[in-house]
Amino acid sequence: MWRWIIRIWVSFVVFWFHMFMGGLVLASLVHLSLRMEFLFLRQMIRDHDLLTMFLLGVCVGLPVLDSRFTGRGWFKSKSGLTYEGFKLEKIKRWMWLLVSPVLILGVAAWIETQSNMGVLGSATFSGFYHEVLMPNCSAGGLLRYRGDTTCVMNLLTVGTWLASVGYSLAPAIRSRGAKVLRAKRSIEGNVAHG
């Protein structure tokens, strides 16, 4: 049981660390593109926050978590055995499920807000979609969220969950891409020899 708790904890730490570092790299790329007067990247991120979070999750999930990230010698049990081989690459596929409570928390916060306003009985799926899943947060820059709790909740809950979905899909995307690349090299090799 403790082994699973530690594996899940380390998976969360690695996920958040990769997301933080990926966010820093993305912010640096945006800053560099603005200095070069190439505004497309900034505009794309501004207009498509959730897509950006998903793609960021895919990008940070692509590197393989090998033995350097598996807890070799990090933790020791009372018996003196170390928790070796956390196999974080296998847990990566389930990160969307592990982060799902964040999305559920966002939905619960929306329901609570609706009930406090006295409109929960008249709440519709369309209202849920436009207020929780896809609010209009396209105006302004990244700091536009100050004072706009709808967009903050959207980015923190739905955006984080979509990033975890992208992170979880990254191993499948990597393996599919490797198969396509091997097939392309095989075809090119056959054409060169034939």
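Positions are given from 1, in the same order as the sequence printed here. For clarity, every value in this text was computed on a predicted model and none was experimentally measured.
Transitive grouping of hydrophobic side chains (ILVMFWY, heavy atoms separated by less than 4.5 Å) keeps L50 and L105 in distinct clusters. Hydrophobic cluster membership is shared by L51 and L103, with clusters built from Ile, Leu, Val, Met, Phe, Trp and Tyr side chains linked at under 4.5 angstrom.
Considering every non-hydrogen atom in both G57 and M19, the closest pair reads CA-SD, 4.0 Å. Minimum interatomic distance between L156 and V102 (heavy atoms only, all atoms of both residues): O-CG1, 3.5 Å. Between V58 and A170, the shortest heavy-atom contact is O-CB, 3.5 Å.
The CG atom of D49 sits 11.0 Å away from atom CG of L162, with the distance rounded to the nearest 0.5 Å. The structure places CG of L26 at 6.0 Å from CG of L41, a figure rounded to the nearest 0.5 Å. To the nearest 0.5 angstrom, K92 atom NZ is 4.0 Å from E89 atom CD.
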Given R174 and V64, is the side-chain contact (heavy atoms from CB on, under 4.5 Å) satisfied, shown in steps? CA-CA 9 Å; R174 182 181 59 235; V64 177; 3.6 Å; yes
Criterion side-chain contact (heavy atoms from CB on, under 4.5 Å) on W16 and T160, from CA distance to verdict: CA-CA 10 Å; W16 288 113; T160 301; 3.2 Å; yes
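No donor-acceptor pair closer than 3.5 Å links the side chain of S186 to the backbone N or O of R182. At least one donor-acceptor pair under 3.5 Å links the side chain of S168 to the backbone N or O of W96. Here the side chain of S175 pairs a donor or acceptor atom with the backbone of A172 at under 3.5 angstrom.
Within a 6.0 Å radius of CZ in F12, other residues, nucleotides and ligands contribute more than 12 heavy atoms.
Inter-residue side-chain proximity for W94 and I8 is flagged as unmet; no heavy-atom pair is nearer than 4.5 Å. The side-chain heavy atoms of M36 and L32, taken from C-beta on, include a pair separated by under 4.5 Å. Contact of the F15 side chain with the V99 side chain is registered, since non-hydrogen atoms from C-beta on lie closer than 4.5 Å.
W161 and S100 form a side-chain donor-acceptor contact under 3.5 Å, judged by distance and modelled atom types alone.
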